[in-house]
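Below is one structure, written out as structure tokens, with a few remarks after it.
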Amino acid sequence: MLGSWALDWFVYLTIATVGVTFVAFLIGQSRNRD
Amino acid sequence: MNDYIWLNWLIMGISISGLLWLGWKSSKTVHAGGDDESGFLIAGRSLGPFVGASTIVATGYSGWGFMGSPGVAYEYGAVELLGNFMFAPAMVIAVLLFARFLSDRAERMQSCTIPEYAARIHADGTLGRWVQGVAAAMTIVLLLVFLTSQIKAVGILAAGWLDLPEAWGATLMIAIIIIYTVAGGLLAVAWTDALMLIGMMIAAVIICVQVFSDLPPWALIDALNQIEPQLVNPTTSQPYGNSVGSVFLVLPYAFMFSAVLPYMAVRFLAFKPEVKFTTVAMYVAPFACILSLIPVVGLYMRVRMPDLAAADQAMPVYLQTYLHPALGGFVTLCILFAMQSTANSLLHTVASAASHDLRRALFPNHRNAAAVLFLNRAAVFFFGVAGLVMMLYAPPFLLSWLGILGTGTLLAALVGPIFVSSFWCGNGWGALAGMISGFVTSGGLLLWSDAGWVVGPLVGCLVSTCCYVGVSILTGRAPRLAHQPG
């Protein structure tokens, strides 16, 4: 993607971190307590 | 640059006023519970999601992210961006999967510190006091050296920025930290961390806008590729290890760092009971991701100034060369903030370990609330001054010897009693064996082998875990939470 495996992984992990956090946040909002 | 010294002093004066005001405001919480120790040690369990997330991220990201990591990126290339980034998902995982458990259990155990938590879930009486005392002693020894290094770093930077002798720069910085920490305890630390984190993120945005407006990401990668393809596509993970995958070991290390180290994990104990940690993570993730971009300065400087005498000069030279002095001054203040936000947490944790944990281990029946609060505050003053004196006068070999042991050894020592106990709770003997074996193994590997700062502590964690479980079984494992009070 960027032509650098290290920076590609940097981007993948950034997207995964933010994405997983957002999904967890939505699940947390739908429950009384996480 | 000297033309702007007055501006630097003005910016510093405003920031000092803000920090001291937050310290004064937070001091009311310390007395809210009738001088109960939890007000000073864990902010009376009053942190909301924003302040809590801010103090976790600000404490985890020390000056290393601004000064050391760009230097490593300058020397080794893109792999440092990936390695430094691992702390972001690690903090999120710790908050999402571990914080609620630790917080609830510590509240049930009436624990105000991590050593106290380790003691109460494992044993009562004399054995419990030994666990608490040993955990506290290790915390004091290993974190006091880290505190000393942060005071030195903050002193050097402040001295250059404000045109002061180094000792005066360090004295000014530690004096401010002592004043607001004495006044408000962990709440003051958390509030000031939140203020400082906002500054750190603005600094990160300023840096990224300047770097990427001059060299867009693809142009930066192309330019690095022409200098040295290893900077872009390294065939090893140096400085993290010889194999390509070694850099990913930073993730478990950083997770243990966030979940186990007393100055990080104590924050999980300080949240309001009704706070959802999924909301906390929603703040932690973007904060940490933004700060993870800062080492890109190292890559940029490798392209723009490939002949720097020392890689560590990447950030200082960048600030002098590519930013307007006023902006450079502001970013320097934010680097001071990054160091200060770690130093204040270290000071509070070391002081708590001495004034609360060691006191409870040695004098379990001493419970005069006012006297205890005085001791908490006196310990902050004492260890702040001790850190300054060590920085000025301690033999360098002693500091470097203990500094190498550092946080990695502390997390190897505490991984059994704090983390493994979440899944499989052993007894007091197992906790003591885990702490001592983790300390010796990680310390030995760091001092006398070339295992590196990631592998050494991770091997220490493994040995500590085996000893914790093995000794607990051999000595008759206690039922889980058998010693829950009340």
Side-chain angles (χ1 to χ4, degrees), chain A, chain B residues 49 73 76-93 95-97 99-101 104 217-218 220-222 224-225 229-235 237 240 244-245 247-248 251 273-286 288-290 292-293 295-296 299:
Chain A
M1 187 172 71
L2 287 169
S4 161
W5 69 262
L7 293 178
D8 284 349
W9 272 102
F10 178 89
V11 173
Y12 298 150
L13 287 176
T14 302
I15 294 168
T17 301
V18 174
V20 167
T21 306
F22 187 63
V23 171
F25 172 73
L26 292 179
I27 294 170
Q29 291 301 302
S30 67
R31 292 182 181 178
N32 288 331
R33 192 161 189 242
D34 57 358
Chain B
Y76 293 97
V79 73
E80 172 58 17
L81 255 75
L82 181 58
N84 186 64
F85 173 76
M86 294 298 177
F87 283 82
M91 284 180 191
V92 168
I93 294 168
V95 168
L96 284 177
L97 300 183
R100 167 59 61 204
F101 177 83
D104 284 354
W218 279 272
L220 180 61
I221 293 166
D222 281 346
L224 286 167
N225 218 359
Q230 285 284 323
L231 293 172
V232 178
N233 282 304
T235 51
S237 279
Y240 295 102
V244 175
V247 67
F248 292 97
L251 183 60
E274 68 270 21
V275 164
K276 291 182 175 183
F277 279 98
T278 49
T279 309
V280 178
M282 204 56 203
Y283 288 108
V284 169
C289 288
I290 290 170
S292 295
L293 290 168
V296 80
L299 302 183

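Throughout, protein chains are lettered first and strands after them, A, B, ... in sequence-line order, and every chain is numbered starting at 1.
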Contact summary for A:Thr21 and B:Ala285, nearest pair of heavy atoms: OG1-CB, 3.6 Å
For A:Phe25, is there any backbone N or O sitting under 3.5 Å from a side-chain donor or acceptor partner on B:Lys276? no
Between the CG atom in B:Leu220 and the OG atom in A:Ser4, the distance rounded to the nearest 0.5 Å is 10.0 Å
Do you know which two heavy atoms are closest between B:Cys289 and A:Val18, and how far apart they sit? SG-CG2, 4.1 Å
Before we go on, tell me: are the rings of B:Phe248 and A:Trp9 under 6.0 Å apart, centre to centre? yes
Heavy-atom cut-off 4.5 Å, strictly under: side chain, backbone, both or neither for B:Val284 against chain A? neither
Engaged part of B:Leu81 at the chain A interface, taking heavy atoms whose separation is under 4.5 Å: both
Separation between OG1 (A:Thr14) and CZ (B:Phe85), nearest 0.5 Å, reads 3.5 Å
At a heavy-atom separation under 4.5 Å, does B:Val92 approach chain A through its side chain, its backbone, both, or neither? side chain
When every non-hydrogen atom of B:Pro89 is compared with those of A:Thr17, the smallest separation belongs to CB-OG1, 3.5 Å
Reported CG-to-CG distance for the pair B:Leu299 and A:Leu7, which is rounded to 0.5 angstrom: 7.0 Å
Looking at CG of B:Leu82 and OH of A:Tyr12, how far apart are the two atoms once the value is rounded to the nearest 0.5 Å? 12.0 Å
In this structure, CZ of A:Arg31 is separated from OG1 of B:Thr278 (nearest 0.5 Å) by 9.0 Å
State, with a plain yes or no, whether a side-chain heavy atom of B:Val244 is found less than 4.5 Å away from one of A:Trp5. yes
Who wins among B:Gly77, B:Pro234, B:Ser237, B:Pro286 for the most heavy-atom pairs under 4.5 Å with chain A? B:Pro234
